[in-house]
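Scope of the values below: all heavy atoms of this structure, side chains included, with no hydrogens, waters or symmetry mates. Model, not experiment: these values are computed from the prediction. Quick note on labels: first sequence line is chain A, next is B, and so on, each numbered from 1.
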Amino acid sequence: MRRADVASSLFWMALGGFVAWSGWDLELGSVNDPGSGFLLFWVGLIVVGLSVGVLVSALRAPAGPARPIWAGARWDKVALVLVVLVAYGWALPRLGFVLTTTVVLVFLFKVVEPQRWSVAIGGAVASALIAYLVFKVWLGAQLPAGFLELG
Amino acid sequence: MDISRRDVLKLGVGGLAAGAIRPRPAAAAEFPAKPVTLICPWPPGGSTDVSMRALAEATSKHLGQPVVIENKPGGSGTVGPATMAAAAKPDGYTLSQIPITVFRLPFMIKATWDPMKDFTYIIHTTGYTFGVVVKADAPWKTWKEFLAYAKANPGKVRYATPGAGTTLHITMEQIAHQEGIKWTQVPMKGGAETTPAVLGGHVEATADSTGWGPQVDAGNLRLLVTWGAARTKRWPNVPTLKESGQGIVSNSPFGFAGPKGMDPKVVKVLHDAFRKGIEEPVYLQTLQRLDMEPFYKNTADYTAYAKELAAEAKAQVELLGLAKKS
Amino acid sequence: MELLQQIGTGFAVALQPTNLFYCFVGVFIGTLIGVLPGIGPVGAMSLLFPVTFKATPEAAIIMLAGIYYGAMYGGSTTSILVNIPGEAASVVTCLDGYQMARKGRAGPALGMSAFGSFLGGTASIVGLMLLAPPLSQFAIKFGPAEYFSLMVLGLSILIYLAHGSMAKALITAAFGIVLGLIGLDSINARPRLTFDRLELVDGVGLVPIVMGLFGVAEVLLNVEQALKREVFQTRIRGLLPSARDWVESRWPIVRGSVLGFFLGILPGGGAVISSFLSYALEKRLSKHPERFGHGAIEGVAGPETANNAATGGAFIPLMTLGVPPNVIMALLLGAFMVHGVQPGPLMMKQNPGLFWGVIASMYIGNLMLLVLNLPLIGMWVQVLRVPYRILFPLILLFCLVGVYTVGNTVFDIYVMILFGLVGYLMKKLEYEPAPLVLAFVLGPLLENNLRKAMILSQGSFAIFLTRPISAVCLLVALFLLVSPLVPRLGRKREELAVEEVS
């Protein structure tokens, strides 16, 4: 039994079921005017079918994964990076581009794989300003100004 | 603290950003004291975007401050106005283009905005040119012949539109309703597909804005009817729907609005500036090239017109069975 | 003879100093935005749009066109260096290009993609000159039935993108189709799977998905390991493709040019399909398909040639029918109109100088791009020498800014993060992201055209078989699906064996 495949196939089965149900709910229509749910319904059913296939072969497979997929994984760091990225999205319209970018970069330089303060702050400020210069000033992209109105 | 931060920034960006540091929002008396942001809820480069950029340039002169276009496309042109209604201060510095879908969509889906309550309407400016074309070698020489054929052969005529629920679709179905015709809409994805569809003989006709223009001029397509209030300058021989007895004028008009609760003095300043802007030759030329028409209404008229548009949209949506459930 | 004269007129226009200057500005900006993720040619062209009000029509169009094909040139750079595809057409380049970079062969990968782009771009301009009018007739023959069958053909190549389990590849593809269908139904404007979120009404963006699945997921996979071990081999092996690389790449380049040019003519996803199709074709024809996905140069040369060849093809519907096959061409259409020129069947007669001048400028622009890009390779390769612990925050910044500038919305940032996590888990659980992207692009087109075809035929499936182009596409798809099954049974075991060892 391959645990990872069992878990993922169950997930797909649920998702496929949901999609097929949504398709049904949106109506399948008729042959001369297929409805909004037509393709969703069939694709959902196909996903369910395929995931059953994956599940069966996972259950039959020899016990235990050949190499544990989480071996040596620092998943706490992965989670940390994800949280920082979400925080970036939250702060961007509130604090503005330059400030948010600088703070987040300092954090990434410092926390995930610690650098010296000089490298972290210098690198963060320089990167944020270069990004601002290239995207905002040269290319005229619309970046949020934030409460400081540095936009 | 404030000063030093600015200085650091100036050093860092070499003064390039200096112009970007804006003064604080001002009271209505000295409006406008900083650039006005005008949201374009369509992607850059489309006809609406191009016309708005031309108008922004023309209006800036009269407003005394730049009008900056910000593109916020999505939701058939409703994401921009909806975001503005929800998030922007009613200080006159954030405005949005109001496409017709703002009135129509709330009847079709659960929307976050109410077109009657969430906006301060400022000025109505523009409409599009729509028309129906068939292949040049098609048997129908006039709109009347085409309608007669469609009526005599229910279900035979298939017409392409740039999408279901668009003004094109809804107007064609209104015509069908009036004339007792049954024809089949084939919704294409935007204008790029409708012209080839009729050229390649995949459908009998196409109802769209003037993307078909060059093919009509080249003699590959025949323009049967246009939908404006008057005949077009470019094709003066082609009749309008109105004079053909359908009594419909359909041009998907649009104007500009801000969030609810704006100071009437600010509204007046904005209205007057845009009013002068839409008379600038730069803007009028651009409109003509894009086959759009000036369609001016002042603040009070636009506000009343908005009510009409919403009522009309509701009736159309219900007629076509597109209304949201519950 | 007449043609030669017209081409002469074209070069006379394109070689005027002002126009040369605008051409250079265009390709230079194009390269820059091609390298930067997110802000694509559409964004840059619309920003420079007002600038062109003051230029002559020739100069304006030459510059805007330069941005377009210049961006295609630069698009492969980040795919190869840091696994960030700027747009869908460079997703396939990630598969082998990035693996080449990790093995210290970023130079040859970048070099081959530059040469391939040049050759594909040039070939498609020749095609544009010689074949534009007849091909416009070919393009309008494509109705819903033909498109549906072409999409079936496109999806049938999924089978060549799968490395391990076929069932898993098909699941991710199905997931891609579902994602593609989110938003307002293009037939009747009903919202599907939008969960009453306004942001989802227009569907999920392609850029946030690909940047998440490839760029962010790759960073997460590397961060998960202790960063002492370097991600890239620092010993750089060669800056330019070797003689052997050329031998391996010459036929992929030829095939990629032809594929790209013809598929580029068709609206909707031409460049994307051509790059995926080219990859599948090279894998199918290769004597060593097991090398694909581990740094095979053919997997870079073919698709990169194809997506650049598609840029030339895309001009045909615009300049001969007046119909823009994609958003970028719609923007160019706007530029033509603002300058009082109406692209379409009459343009060749009414504005020969402009028509041929723009085409000639594309020759020159392609040459400029090659000269501009080759020296840059040395610089790009140096980027990989930066230690990964310093590089990864910058890669993330790149993704964040890029994805924000596409739609100016924070929602896209969240979508990208979500797909970063999805991509990370998929890699862990041995699912492939590439089929998802292909299906995401083709799925909605498949559905839309199927439904349109059924409306047109009043419910008869015969429409797909009685129309010749459609029938041919379906036959080729059938062949692609069935042919590998017989010899594949034997080969598949070898492939799997190789993968377990590596």
key: Engaged part of Ile177(C) at the chain A interface, taking heavy atoms whose separation is under 4.5 Å   = side chain
query = By a 4.5 Å heavy-atom criterion (distance strictly below it), what part of Val119(A) contacts chain C: side chain, backbone, both, or neither?
reply = side chain
query = What's the spacing between Lys452(C) NZ and Leu445(C) CG if we round to 0.5 Å?
reply = 8.5 Å
note = Hits for side-chain contact (heavy atoms from CB on, under 4.5 Å) against Val103(A), two or more places apart or cross-chain, chain-then-number order -> none
query = Looking at Leu82(A), Leu80(A), Asp33(A), which makes the most heavy-atom pairs under 4.5 Å with chain C?
reply = Leu82(A)
note = If one checks every heavy atom of Leu181(C) against chain A at 4.5 Å, the contacting part turns out to be side chain
request  = Examine the side chains of Thr101(A) and Tyr88(A) and answer whether a donor and an acceptor come within less than 3.5 Å of each other.
outcome  = yes
query = For Phe398(C), is it the side chain, the backbone, both, or neither that has a heavy atom closer than 4.5 Å to a heavy atom of chain A?
reply = neither
message = Tell me whether the rings of Phe461(C) and Phe464(C) are parallel (<30°), tilted (30 to 60°) or perpendicular (>60°).
response = tilted
note = From the list Asp76(A), Val31(A), Asp5(A), the residue making the most non-hydrogen contacts under 4.5 Å with chain C is Val31(A)
note = When the 4.5 angstrom heavy-atom criterion is applied to Leu396(C) and chain A, the contacting part is side chain
key: Which portion of Val78(A) sits near chain C, non-hydrogen atoms under 4.5 angstrom   = both
key: Which of Ile390(C), Leu170(C), Ile29(C), Leu221(C) touches chain A most, by non-hydrogen pairs under 4.5 Å   = Ile390(C)
ask   = So which of Leu436(C), Leu442(C), Val441(C) actually passes side-chain contact (heavy atoms from CB on, under 4.5 Å) with Leu438(C)?
value = Leu442(C)
query = Quick one: which residues of residues 9-17 of chain A reach chain C at under 4.5 angstrom, heavy atoms only?
reply = Ser9(A), Trp12(A), Leu15(A)
inquiry  = Let me confirm one number: the CD-NZ distance from Glu224(C) to Lys77(A), rounded to the nearest 0.5 Å.
reply    = 12.5 Å
query = Using non-hydrogen atoms only, which part of Phe18(A) is less than 4.5 Å away from chain C: side chain, backbone, both, or neither?
reply = side chain
Heavy atoms from other residues, nucleotides or ligands near OH of Tyr414(C) exceed 12 (cutoff 6.0 Å) = yes
request  = Check whether Ser127(A) gets within reach of chain C through its side chain, its backbone, both or neither, counting any heavy atom under 4.5 Å.
outcome  = both
inquiry  = Testing the basics here: between Gly420(C) and Ala217(C), what is the closest heavy-atom pair and its distance to 0.1 Å?
reply    = O-CB, 3.6 Å
Non-neighbouring partners of Thr409(C) that pass side-chain contact (heavy atoms from CB on, under 4.5 Å), sequence neighbours left out = Phe411(C), Asp412(C)
key: Under 4.5 Å from a heavy atom of chain A, the part of Ile417(C) involved   = both
message = If you count every heavy atom of other residues, nucleotides or ligands that lies below 6.0 Å from Lys427(C) atom NZ, does the total exceed 12?
response = no
ask   = Where on Leu397(C) is there a heavy atom nearer than 4.5 Å to chain A: the side chain, the backbone, both, or neither?
value = side chain
message = Show, in sequence, the C-alpha distance, side-chain angles and deciding distance for Asn222(C) and Phe392(C), and conclude whether the side-chain contact (heavy atoms from CB on, under 4.5 Å) test is met.
response = CA-CA 9 Å; Asn222(C) 290 323; Phe392(C) 90 86; over 6 Å; no
task = Using a strict cut-off of less than 4.0 Å between a Lys/Arg side-chain nitrogen and an Asp/Glu carboxylate oxygen, indicate whether Glu447(C) and Arg192(C) qualify as a salt bridge.
result = yes
remark   = side-chain hydrogen bond (donor to acceptor under 3.5 Å, both in side chains) pairs touching residues 40-58 of chain A, sequence neighbours excluded, are none
request  = Check whether any side-chain heavy atom of Pro393(C) sits under 4.5 Å from a side-chain heavy atom of Lys110(A), and report yes or no.
outcome  = no
Under 4.5 Å from any heavy atom of chain A - which part of Leu456(C) = neither
request  = Give, as side chain, backbone, both or neither, the part of Val86(A) having an atom under 4.5 angstrom from any heavy atom of chain C.
outcome  = both
ask   = Do Glu218(C) and Tyr424(C) have side-chain N/O donor and acceptor atoms under 3.5 Å apart?
value = no
note = Comparing Ile171(C), Leu394(C), Leu220(C), Val219(C) against chain A, the one with the most heavy-atom pairs below 4.5 Å turns out to be Ile171(C)
Side chain, backbone, both or neither of Val216(C) within contact of chain A (heavy atoms, under 4.5 Å) = side chain
key: chain C contact via Leu85(A) - which portion, at a heavy-atom distance below 4.5 Å   = both
